[in-house]
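The structure displayed is predicted, hence computed values, not measured ones. Note that these values count all heavy atoms, side chains included, but never hydrogens, waters or copies made by symmetry.
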2 protein chains.
Amino acid sequence: MAAKTKADKMARSARASTGKARAARLKREPGKPLYAQVEEIIRRRLIDNYWKPGEMLPSEFELAHELSVSQGTVRKALNDMVSENLLERRQGRGTFVSEYTERRALFFYFNLIGPDGVRAMPVSKILACEQRNATEDERNRLQLAIGDSVIALHRVRSLGDSPAIVERLTLPQKFFPGLGNETRLPENLYRFFQGEYGITVAKATESVRAVAADPLEAQLLSVMPEAPLLEIDRVAVTIDGRPVEWRLSRCNTSDYRYVAERG
Amino acid sequence: MAAKTKADKMARSARASTGKARAARLKREPGKPLYAQVEEIIRRRLIDNYWKPGEMLPSEFELAHELSVSQGTVRKALNDMVSENLLERRQGRGTFVSEYTERRALFFYFNLIGPDGVRAMPVSKILACEQRNATEDERNRLQLAIGDSVIALHRVRSLGDSPAIVERLTLPQKFFPGLGNETRLPENLYRFFQGEYGITVAKATESVRAVAADPLEAQLLSVMPEAPLLEIDRVAVTIDGRPVEWRLSRCNTSDYRYVAERG
DNA sequence: TAGTGGTCTAGACCACCTT
DNA sequence: AGGTGGTCTAGACCACTAG
């Protein structure tokens, strides 16, 4: 994916010149550091898919020359964006736009782990998929207007042979043209969003609480009605802060735990 | 707390020279960056309480001179430690050792929030406090040996007038000499640890799951037996990685949520 | 061997806080 | 006014990766 052909390289150079023409030459602005302006420009190009996931950016030196700043300033901007997980840098290789790999997805967006500390990709079965107008809750969570359409998914996910999670997903229709009443979707949804719709999920906010299983959930998860379930409420947003998914998961945590680091 | 008197300053200078004598002059080591060595030295001094919480460190220039490296190298080390929450830097003021303030404690170590998004400090009531030998679970969590003694606390914490959390705390006796069968402890425990025992909690690992309330918990929290509760399992560790507290909290999350950021 | 990022230095100037 | 950290530059050398 990261391998570069000569054609790729030439295409990139061609775009680079249009980029140079487009980018106003950076000038000192009071109260706004140069490196912040560099970050904005790079962020903009990521949002516009000018540099695509997995692609290599120009070297520090090239960027510095293009934007008329020093290499050190570009370096600070790039390193800042690495800590936002937008870029990855490897000594001797280059700077790359982050991709959703299986490993990344597991690490960042699936923090249920088994008693042995191992994370496993779940297997999903879609129970229902419909298009309809957003409810009030959905409009609030996803910043939608009255009358906006959403795709609503209902699915069960299994961890190690047994059903463990019941999940309701809501996606704004406008971000996913052509995605209709699917019965089959890939397990790694965020990579699918990125590959098929150019939607890059950059981060997510989650909150969790304990709830009692309703009869349907109890049946789907093979637990007693009223059994305690862990509810995970997640809103995923793009690099530019637009919410693209609301996910409400209810998990049987008798064998799994949700982990977090503090400090 | 951060205000500096002349006496403070002179005491610091006096210690600084002993520090200089102690610290081997830094030299290039293959495979180990200079800034990493600077970090180690500073970290060591924090662990030894050579610089105490709230205290100001020498300026970049002074540290650079003392360790015979450039100011930029010291800067990188200090900024790295800021992102670990060990230090705080403020333009025009100086670099300070992090303290547990009320605000910090709430933000980092109390992530239950109300429906309005507000965090409130809970009020605790201690039900029991005993000294005894560590159980096997406790030995594993706190890295203790057979026969090591612990202080075990059982308490109920209220959020906004109603009891919301039942908590069991286990502290290795060896870290808290003289702490016995207390019935009264301050609400901000980590600041208490720091002030009274020189124990600085640097980070914590938490995992959560949903459980059913047992009869005692149900009574203490005024919920039905078997009601779903959020269990938070936390191990807090010091700067040098020694576990100093195991905390098992069971929370009524009908009004509160546990939040996390991903990405 | 050429090109990349990683480290390190030295020095300039700015923004902010304290006195 | 003097001291602090924040920004920015320019250039040197090292470590790693690739062809």
Side-chain angles (χ1 to χ4, degrees), chain A residues 1-6 8-9 12-13 16 25-40 42 51 55-83 87-98, chain B residues 1-6 8-9 12-13 16 25-40 42 51 55-83 87-98:
Chain A
M1 200 57 91
K4 289 295 141 206
T5 65
K6 183 150 286 185
D8 279 337
K9 185 162 187 151
R12 211 161 51 250
S13 303
R25 195 168 240 62
L26 288 190
K27 274 184 51 185
R28 253 330 185 317
E29 275 184 52
K32 187 167 231 172
L34 273 180
Y35 70 78
Q37 297 179 54
V38 173
E39 280 185 48
E40 269 176 31
I42 296 174
W51 291 316
E55 197 170 333
M56 187 175 83
L57 268 62
S59 72
E60 292 181 350
F61 182 81
E62 287 176 276
L63 284 170
H65 183 261
E66 182 202 339
L67 303 171
S68 312
V69 297
S70 83
Q71 196 187 7
T73 301
V74 170
R75 172 181 295 275
K76 171 147 177 61
L78 293 178
N79 284 338
D80 283 357
M81 298 183 74
V82 166
S83 39
L87 301 177
E88 292 171 22
R89 316 192 74 187
R90 266 164 297 174
Q91 190 177 65
R93 304 250 343 246
T95 302
F96 301 84
V97 183
S98 291
Chain B
M1 202 56 90
K4 290 296 140 206
T5 66
K6 183 151 289 184
D8 279 337
K9 186 163 185 149
R12 210 161 51 251
S13 303
R25 195 166 240 63
L26 289 190
K27 274 187 49 187
R28 250 330 183 317
E29 275 185 50
K32 186 168 237 173
L34 272 180
Y35 70 80
Q37 297 180 54
V38 173
E39 280 185 50
E40 269 176 30
I42 297 174
W51 291 316
E55 198 171 332
M56 189 175 81
L57 267 62
S59 71
E60 293 180 349
F61 182 81
E62 287 176 275
L63 284 170
H65 183 262
E66 182 202 337
L67 303 171
S68 312
V69 297
S70 83
Q71 195 187 8
T73 301
V74 170
R75 171 179 297 276
K76 172 146 177 63
L78 293 178
N79 284 337
D80 282 357
M81 298 183 74
V82 166
S83 40
L87 301 176
E88 293 172 19
R89 316 193 74 188
R90 266 163 297 174
Q91 191 175 64
R93 303 253 341 250
T95 302
F96 301 85
V97 183
S98 291

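Inter-residue side-chain proximity for A:Leu67 and A:Leu34 is flagged as unmet; no heavy-atom pair is nearer than 4.5 Å. Under the 4.5 Å side-chain criterion, counting only non-hydrogen atoms from C-beta, A:Trp51 is in contact with A:Ile42.
If you take CG of B:Leu63 and C1' of C:dC8, they are 17 Å apart, rounded to a whole angstrom. In this structure, the CZ atom of B:Arg90 is 12 Å from the C1' atom of D:dT4, given to the nearest Å. Taking atom CD of residue A:Gln71 and atom P of nucleotide C:dT7, one finds them 13 Å apart after rounding to whole Å. At whole-Å resolution of the value, CD in A:Glu88 and P in C:dT4 are 19 Å apart. One can place CZ of A:Phe96 at 16 Å from P of C:dG3, the figure rounded to the nearest angstrom. Here C:dG5 presents its C1' atom at 17 Å from CE of A:Met81, a figure rounded to the nearest Å. A straight line from CG of A:Leu57 to C1' of C:dG3 spans 16 Å, rounded to a whole angstrom. At whole-Å resolution of the value, NZ in A:Lys76 and P in C:dG5 are 17 Å apart.
Interface remark: the A:Arg89 side chain does not form any donor-acceptor pair with the C:dG6 base, using a distance-only criterion of under 3.5 Å.
Across every non-hydrogen atom of B:Pro58 and B:Leu63, the tightest pair is O-CD1, 3.8 Å. Nearest heavy-atom pair across A:Gly94 and A:Met56 is CA-SD, 4.1 Å.
Atoms CZ and CG, on A:Phe96 and A:Leu57 in that order, are 9.5 Å from each other to the nearest 0.5 Å. To the nearest 0.5 angstrom, A:Glu39 atom CD is 11.5 Å from A:Thr73 atom OG1. From B:Gln71, atom CD reaches atom OG of B:Ser59 across 7.5 Å, with rounding to the nearest 0.5 Å.
Heavy-atom distances to DNA chain D give each of B:Asn79 and A:Gly72 a nearest nucleotide, and the one nearer the 5′ end belongs to B:Asn79. Between A:Ser70 and B:Phe61, the one whose closest nucleotide on DNA chain D sits nearer the 5' end is B:Phe61.
Looking at residues two or more places apart in sequence or on another chain, you find a salt bridge (Lys or Arg N to Asp or Glu O under 4.0 Å) between A:Glu60 and A:Arg75, A:Arg89.
One finds a side-chain N or O of B:Thr95 lying less than 4.0 angstrom from the OP1 or OP2 phosphate oxygen of D:dG5. A sub-4.0 Å separation between OP1 or OP2 of C:dT9 and a side-chain N or O of B:Thr73 is present. Close to D:dC8, at under 4.0 Å from its OP1 or OP2, lies no side-chain N or O of A:Tyr35.
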Report all interatomic pairs (protein N or O, nucleotide N or O of nucleotides 1-3 of chain D) with separations under 3.5 Å.
{"residue": "D:dG3", "atom": "N2", "partner": "B:Gly92", "partner atom": "O", "Å": "3.1"}

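The strand DNA chain D forms stems, runs of 3 or more Watson-Crick or G-U wobble pairs with distances below 3.5 Å, at C:1-18 with D:1-18.
With D:dG5, D:dA10, C:dT9 as the choices, the nucleotide that has an atom nearest any side-chain atom of B:Glu60 turns out to be D:dG5. Nearest nucleotide to the side chain of B:Arg75, out of D:dT7, C:dT9, D:dA10: D:dT7.
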